[in-house]
Every structure is written in structure tokens, then in C-alpha cells.
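Report on the structure given below.
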Amino acid sequence: MQSAGLPDYLEILNPEQKQAVLHTGKPLLILAGAGSGKTRVITTKIAWLIREKGVDPRSILAVTFTNKAAREMAERAAAIDGRAADAMLRTFHSFGAWFLRRNAVLAGLAPGFVIYDDDDTASLLSTIMEGVPRAEVRAAARNISRAKDYFLSPDDPALDRISYSKQFNNIYRDYENKLAAIGNVDFGDLIKKPVEILRNNPDVAQRIRGRFRVILVDEYQDANVAQFELLKELCDSQTYVCVVGDDDQSIYRFRGAEVRNILQFPDRFPGTDIIRLERNYRSIEPILEAASSVVDKNKNRLGKKLRSERGPGKKPVLAFLADQDEEAGYCADLIETLVKKGNKYSDWAVLYRTNAQSLGFETEFLHRRIPYKVVGSLKFYEREEIKDILAMLAFLVNPRDEVAFRRVINKPSRGVGPSSVERIIDAAASNPEAPGDLEAAIGLVKKELSAKAGAGTAQFLKAVKAGRAALNQPDQSEQTVLTVQSEQSEQSDQSDQSAAHQDAASAKNQEDRKRESLRSAEGLSRCVVTLANQSGLADYHLSHDEIAGNQRLNNLQELANASSIYPASIDGLLEFLEHIELDRSMEENSDNGSLDTVTLITIHNTKGLEFRRVIMTGVEQGVFPREDKSGDELEEERRLFYVGATRAMDELYFSCCRMRRMYGRTGAMYPSVFLNEIDRKALRVIGKEPPGFTKSAKSAEGFPRTQNRASPPDNDQYWRKGDTVYHDDYGYGEVREVRDSEDGPVVRVSFQNGGEVRFLADHQGRNFTRIRDN
DNA sequence: GACAGTGAAATTTTT
DNA sequence: TTTCACTGTC
């Protein structure tokens with residue numbers, strides 16, 4: 001094990017990495033380029049501290065940005081030294097929730113507080129902003145969230161940098177008051193409130209500083225102001241602080257991330273040492289070159305030079321394509337071709353700027369039987385039926401939860417109309433016995449309600465109480481059964497069907513054509529199932545599923561299953577709800593990491609990931625960068641480009657369409673300015689650059705709108721004798737002749753299989769993919 | 001309170 | 001093109 005001086009797990013590090021791991025005594029800022037092994041450094045450092053420095057694992061706190069990263073870090077650290085499992089590795093938000101749970105009373109929160117997501121936040125806000133259009137409420141909700149990112153309270157004068165509206169302060173204040181009355185928190189509170197507690201309670205601060213002696217922060221470039229404040233509050237002069245980040249990969253400015261946090265870290269933590277990790281172990285040289293040449297154009301950066309340890313290789317490919325259908329086909333072709341040669345689907349990732357773009361790929365891949373998974377768009381927990389049950393659960397632990405109450409009191413309809421709802425809420429507000437307690441208020445106003453509403457509220461309460469009862473009685477209780485009807489289920493319901501998913505589902509459905517009962521396993525699922533049944537939501541969805549062919553009851557069943565691993569207690573329930581709010585990736589449910597599928601993913605979501613082959617799609621002006629971007633925001637888009645491109649290990653492709661359907665309209669597109677920032681010689685170009693590309697793309701900002709007015713591709717220029725083309729049905733061929741006619745150019749192509757076709761470029765031309773220029 | 005018909009808006013990116 | 005909020009009818 002211990003060969004020459006240093007243990008093996010340190011010997012494999014390069015000099016800078018080693019230096020970073022062995023560093024002690026002062027604050028440390030690690031500037032880690034993409035693929036430079038920063039996770040290895042952090043995990044090794046944790047293990048080394050425990051092993052060689054005798055640091056108590058429980059006194060180590062490592063904060064990451066995503067749950068995935070936290071899990072990976074925990075795994076890798078524990079792999080080096082098992083004791084690392086006792087260190088605390090969490091996301092900022094999950095750490096905040098952990099802290100608040102232990103100090104709920106100090107924060108004036110309900111002991112069983114629940115975390116509101118953006119949706120709930122907007123719902124709450126709409127009770128304050130009555131009669132205001134939904135979009136406006138959402139905008140205000142976003143601004144409140146931003147204010148909290150910047151650690152601004154309703155009375156802070158600096159709020160005007162968030163919103164110019166004078167009323168905003170009042171809206172924000174009212175919102176805060178109402179949220180406080182309910183006793184719940186939103187996402188921003190998970191950071192902001194802990195800071196406030198630590199500042200107002202020196203004893204609490206002292207205790208937690210005494211506990212965590214080592215604090216490591218990953219992805220530091222994406223920390224916002226509030227998170228920075230939290231970090232400061234957690235540290236005393238003896239705390240060892242180490243932050244790792246890359247200013248070139250800061251892509252969450254829109255969410256309050258402050259690059260300044262990283263640029264000014266040495267000022268805020270005096271005596272900071274800086275170590276740079278600039279050796280990239282992930283990508284071949286040409287990929288790094290292309291990525292770097294784009295981000296180099298940014299003015300606002302520390303500047304660093306990434307060197308590839310892997311050396312030369314294939315140039316990135318730039319493919320000009322007709323439209324998004326061809327783009328999807330092109331991706332499928334690439335993937336299929338290489339898979340036939342023995343590569344894995346999981347080598348591939350298709351990247352796009354916005355989630356909406358995934359649809360075309362999903363359709364095409366489904367068609368061509370290419371297995372894929374869509375990362376991040378799994379909106380399971382945002383589904384109506386799921387949110388309904390979650391609201392029931394939230395109300396069960398906190399009967400002051402007005403948002404949850406409004407959501408489910410009359411669902412399915414039990415004759416409790418708006419006037420009854422308001423009456424109950426008013427009664428709760430003016431009830432000195434139990435302020436805000438809606439459950440108690442129902443009892444108070446029961447006599448004033450209509451017979452129907454009275455019966456409805458009674459039924460609702462009965463369901464809540466039954467759910468609560470299911471929490472308290474220990475195991476072997478009545479068997480809870482959720483009735484499930486699975487008719488032949490088309491893919492009618494939303495977007496979560498990956499190919500693999502579907503196959504499994506349809507196979508299963510053939511087995512159980514008719515009515516079948518699934519029972520709740522155990523634990524918390526008894527409570528979930530009880531609520532679903534007693535509230536009438538299960539029946540409601542059952543009958544609707546029959547009509548609409550949805551799978552809502554199945555989704556409920558899935559939620560119940562997910563809950564079964566939690567204990568049937570209030571604490572178990574809180575844990576379950578918290579887990580759902582903070583980590584919606586459902587990673588552990590689909591932990592088929594072994595599954596061989598292509599990854600469809602937004603560029604933002606790729607942070608921290610790597611793939612052998614990456615296709616960045618939609619690299620067009622208006623899509624990426626988005627049309628409205630300029631200045632700082634354009635720089636952020638550039639960093640995003642950099643992040644996406646540096647995910648690729650072996651091969652990188654850019655695809656750029658001449659036409660794209662948006663909002664049901666087809667419009668001409670221009671190539672992204674970013675493509676022009678890469679030396680054309682550093683790329684292998686496939687297909688024809690649209691005419692005027694270089695000229696038009698050079699005017700980076702103030703670029704002409706892409707939607708209207710752009711001229712269609714010039715077919716005379718576009719189709720040239722000798723070009724190689726590809727057609728889905730006929731395969732590869734060569735352009736033999738281009739002739740003019742009154743309907744535009746006529747192109748003659750002869751295919752490798754011997755066939756020959758003639759077509760009008762303006763019409764059928766879109767069915768062909770150009771493979772190589774003559 | 002359910003439902004069909006309408007018209008307008010929609011696409012950032014996420015803990 | 002799709003989706004969603006709003007309106008008027010039953």
C-alpha cells in the first residue's frame with residue numbers, strides 16, 4: 001500500500017491536485033477547469049483529512065450544488081475511506097433544510113414545516129394579488145425568489161435592483177407575513193433563514209461552528225449571495241474553508257449566482273491560497289480548442305488555459321441541416337451507425353438549450369427504436385394528481401397550510417364552493433384559540449355552511465384523520481388497497497415515457513387488462529393510500545383514467561410505492577416530503593445506471609457530467625444564444641456553450657438548422673454567433689453553410705430577427721453536383737445533376753443501392769441530408 | 001359544478 | 001402547434 005512516502009490514493013494525483021489535497025491552514029480557492037479532476041480532489045481530500053489528519057468525519061461538511069453531485073461525492077469519498085460516510089455531504093438547500101428542521105422554533109416555523117415549490121409560492125401569492133393575471137403573479141414570485149437569492153428583505157432599499165415596481169416591496173412583505181402565519185418555507189428561505197438564525201443567535205452559531213471544522217464547497221461559481229452569507233456565518237477563524245469552482249462554468253446568473261463570489265473570495269477570506277487545476281483528463285485536444293475559443297471571447301473572466309492530457313484526435317463536426325426533423329434524423333443516424341459498430345447507446349448525449357427541444361428527438365428515437373432517457377424533464381412530482389396527494393399530506397402535518405387546503409378541500413368536488421372556502425379561511429384567521437388552523441376552523445363554521453358544504457368538509461376531515469391514523473398505528477393494520485384499473489394505456493399522459501419505460505409498461509398492461517387491486521406495501525404508503533382512497537381522489541382519477549386513457553392512478557400507485565420505504569410516522573412523512581421537494585430527480589427509482597440508453601438533456605443539466613460523444617443541437621442564433629441576449633447575458637450563454645462542449649470526451653458534434661418550427665411557425669434560422677467564434681479549420685463541416693453566414697453572423701449583437709423576413713436557402717447554391725446526400729429510405733447517394741425548371745431547381749441523385757431519383761429541391765429537398773461537400 | 005368552445009399566449013435555464 | 005385560462009351553457 002504505502003510505497004514511497006505517499007499512500008497510493010495520493011500517488012495517482014498530479015502535482016497540483018496533490019497540492020490541493022495536502023493544503024491546510026489557510027482558506028483555499030481551487031480554480032478547477034472542466035474535466036480537471038476536481039471531484040477527485042475533494043473526495044480525496046475528505047479521505048485524507050480523516051485518515052492522515054485524524055479529522056472527525058462528522059466535523060466535515062461538503063456542500064454541492066446538485067443532489068447527483070452530492071451522491072457521487074459521497075460514494076467516491078467512501079470508496080477511498082469508509083469513514084467518509086459519516087461526513088455531511090449535501091446540497092446547499094438540503095443543508096439549509098436540515099438546519100432549519102433543528103431550529104424550527106427559532107425561525108418561527110411550524111415544527112412540521114413543509115417546503116413550498118415555485119408552484120405553491122405562486123399559489124400563495126395569488127391569494128395576495130387577487131385578480132392579477134397569472135403571468136404577473138408568476139413574475140412577482142420569481143422576483144421574490146430572486147430577492148431571497150440576494151439576501152434582501154422586504155424593507156431593503158436595494159430591492160429596486162430586483163423590481164422597479166414600488167408595490168413590489170408590499171407584495172413581498174405581505175407574502176412573507178402570510179408564509180410566516182402558515183409556518184412553511186419556500187426555497188429561498190432554506191438559505192436565507194439559516195443565515196438570520198445564525199446572526200441572531202450567537203449560541204446556535206457557536207455550536208454549529210464548533211461542529212463543522214472543515215467546510216468544502218463545490219461548484220462555487222454558482223453560489224448566490226445568500227449562500228455566500230451562509231458560508232460566512234458557518235465559519236470562524238479556525239474553520240478550514242476550501243471552495244472549488246470555475247468562473248467559465250458559471251451558468252446560473254439568472255438564478256442569482258454571483259461570479260463575484262469566486263472573483264472576490266480572496267478578499268472576503270483573507271490569506272486565501274489559490275491553486276489552479278488546468279490539466280484536462282476528459283477531452284481530446286480539438287474539443288477543448290473549440291470550446292476554449294468561444295469562451296475566450298468573454299471579457300469578464302479570470303482566464304485560464306486548459307491543456308488536454310489526452311492529446312490530439314478528431315475535429316469536432318459542424319453539421320448544417322435543413323430543419324429540426326432532419327436534425328433529429330441526423331442524431332439518430334450518428335448514433336445508430338456507431339452502435340452497429342459496437343458502441344453503446346450510453347456513450348451518447350444529445351444536448352439542447354431548452355427542454356421543449358427534446359420532443360423532436362423523443363419522437364424520432366421512439367420511431368427508430370433508439371433507447372433514450374430524458375434527464376430533468378421528469379415532471380412526475382409536478383403532475384396534478386401527485387401534487388394533490390402531496391397537498392393532502394402537507395395539510396395533514398400542518399393544518400394551517402392554506403395553499404394545500406385550497407388545492408384539495410374541494411377536489412374531487414364535494415360541494416365546498418369558493419364562498420365556503422373563504423368563510424373557513426376567515427374563521428381560521430380570527431380564531432384566537434388556534435390561529436390559522438383550518439381544520440379547527442371547519443368545526444367552528446360548520447353550522448353556517450350549506451348542508452352540501454357541511455357534508456363535504458366532513459368527508460375531507462375524515463380523510464385527513466384517517467391518514468393521520470395510518471401514521472400512528474403500528475404495522476399489521478387493515479390492508480390498504482388502491483384500486484387500479486389499467487386499460488390499454490396509450491402514451492396519452494405527458495412526457496415521461498422513455499422507450500424502455502414504454503416497453504415495460506405495455507408488456508405489463510397486456511397481462512392485466514382488467515381491474516386489479518394493488519396494495520400498499522408498508523410504511524408510509526399506508527397513509528398515502530388511505531388519503532387517496534378516503535379523499536375520493538383515487539376514485540376520481542380511476543373514472544377519469546377510463547375516459548381519458550391516462551395513467552393517473554398508476555402514478556398515484558407509484559408515489560405510494562416510493563413512500564413505502566419511509567416509516568409510518570410524522571417524522572417519516574416529513575422526511576418523505578422534504579426529500580421530494582429537494583430532490584425530484586427520482587434517481588434512486590430508476591437507478592438502472594446499467595441501462596444502455598442515449599441521454600437527452602439540457603445543457604444546464606449536464607453540469608458535472610461527461611459523455612464519450614456529445615451532439616450539441618440547435619446551435620442557431622435565437623435558440624442558442626437566445627435572441628434577447630447581449631452583454632453579460634451573452635457571456636453567460638457563451639459559458640453555457642463552453643460547459644456543453646467540454647462534456648465530450650471523444651467526439652463532439654454541433655448541429656445547426658436552416659429552418660425551425662417554433663410556436664407552430666416555421667422560420668429561417670441563422671447559425672449561432674458562437675460557431676463563428678471557432679476557427680473554421682478547427683471543425684469538420686458537413687452540409688452547406690447557408691449563404692451569407694459569415695457576414696451576418698459577425699454582427700453578434702443587434703442581429704436581425706430570425707423569425708420573419710429571412711430568405712429561404714438558395715437552392716441554386718445549395719445543391720451542387722458531386723455532393724453526397726443521405727435519404728432515410730434510399731440511403732446514401734450522390735448528386736448527379738442540378739437543373740433549373742420553372743418550379744425551381746431539379747436535382748438528380750443516384751444512390752449506392754443503384755436507384756436514382758429526381759426531385760424538386762424546393763419541395764422534396766428537405767428529405768435529404770447532405771453528408772459531405774464536393 | 002362540469003364541459004365545450006373560444007382566443008390568446010407560449011420557450012429559458014433549476015435548487 | 002399546443003396549451004391554458006376564460007366564458008357561457010346545461
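None of the values given here were measured: they were computed from a predicted structure. Numbers restart at 1 for each chain; the letters A, B, ... are given by sequence-line order, proteins then strands.
No hydrogens or angles considered: nothing links the side chains of A/Ser419 and A/Glu422 as a donor-acceptor pair under 3.5 Å. With 3.5 Å as the limit, one finds no donor-acceptor pair spanning the side chains of A/Glu635 and A/Asn300.
With respect to A/Glu258 and A/Arg253, no salt bridge is recorded, no charged nitrogen being found less than 4.0 Å from a carboxylate O. Of the charged side-chain nitrogens involved, at least one lies within less than 4.0 Å of a carboxylate oxygen, so that A/Asp117 and A/Lys387 count as a salt-bridged pair. Ion pair A/Arg661/A/Asp323 not flagged as a salt bridge, since none of the NZ, NE, NH1 or NH2 atoms sits closer than 4.0 Å to an Asp/Glu carboxylate oxygen. Salt bridge present: A/Glu72 and A/Arg76 bring a charged side-chain N and a carboxylate O closer than 4.0 Å. The pair A/Arg71-A/Glu75 does not count as a salt bridge, with every side-chain nitrogen at least 4.0 angstrom from each carboxylate oxygen.
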Produce the list of close N/O pairs, under 3.5 Å, pairing protein atoms with atoms of nucleotides 12-15 of chain B; give distances to one decimal.
{"residue": "B/dT12", "atom": "OP2", "partner": "A/Arg626", "partner atom": "NH2", "Å": "3.4"}
{"residue": "B/dT12", "atom": "O2", "partner": "A/Arg353", "partner atom": "NH1", "Å": "3.0"}
{"residue": "B/dT12", "atom": "O2", "partner": "A/Arg353", "partner atom": "NH2", "Å": "2.1"}
{"residue": "B/dT12", "atom": "N3", "partner": "A/Lys629", "partner atom": "NZ", "Å": "3.1"}
{"residue": "B/dT12", "atom": "O4", "partner": "A/Lys629", "partner atom": "NZ", "Å": "2.4"}
{"residue": "B/dT13", "atom": "OP1", "partner": "A/Asn355", "partner atom": "N", "Å": "2.9"}
{"residue": "B/dT13", "atom": "O2", "partner": "A/Arg353", "partner atom": "NH2", "Å": "2.5"}
{"residue": "B/dT13", "atom": "O2", "partner": "A/His604", "partner atom": "NE2", "Å": "3.4"}
{"residue": "B/dT14", "atom": "OP1", "partner": "A/Thr602", "partner atom": "OG1", "Å": "3.1"}
{"residue": "B/dT14", "atom": "OP1", "partner": "A/Asn605", "partner atom": "ND2", "Å": "2.8"}
{"residue": "B/dT14", "atom": "O4'", "partner": "A/Arg255", "partner atom": "NH1", "Å": "2.9"}
{"residue": "B/dT14", "atom": "O2", "partner": "A/Arg255", "partner atom": "NE", "Å": "3.4"}
{"residue": "B/dT14", "atom": "O2", "partner": "A/Arg255", "partner atom": "NH1", "Å": "3.0"}
{"residue": "B/dT15", "atom": "O2", "partner": "A/His93", "partner atom": "NE2", "Å": "2.8"}

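When the P atom is compared between C/dC6 and B/dT11, the two are found 16 Å apart, to the nearest whole Å. Taking atom C1' in both C/dT3 and B/dT14, the straight-line distance is 23 Å, to the nearest Å.
Relative ring orientation between A/Tyr352 and A/Phe361 is described as parallel, the plane-to-plane angle staying below 30° on a 0-90° scale split at 30° and 60°.
Summarising the geometry, the separation between CZ on A/Arg134 and C1' on B/dA10 is reported as 10 Å, rounded to the nearest angstrom.
A/Val643 comes within 4.0 angstrom of nothing in the nucleic acid, heavy atoms only.
Put simply, chain A comes within 4.0 Å of DNA chain C, heavy atom to any atom, from C/dT1 to C/dA5, going 5' to 3'.
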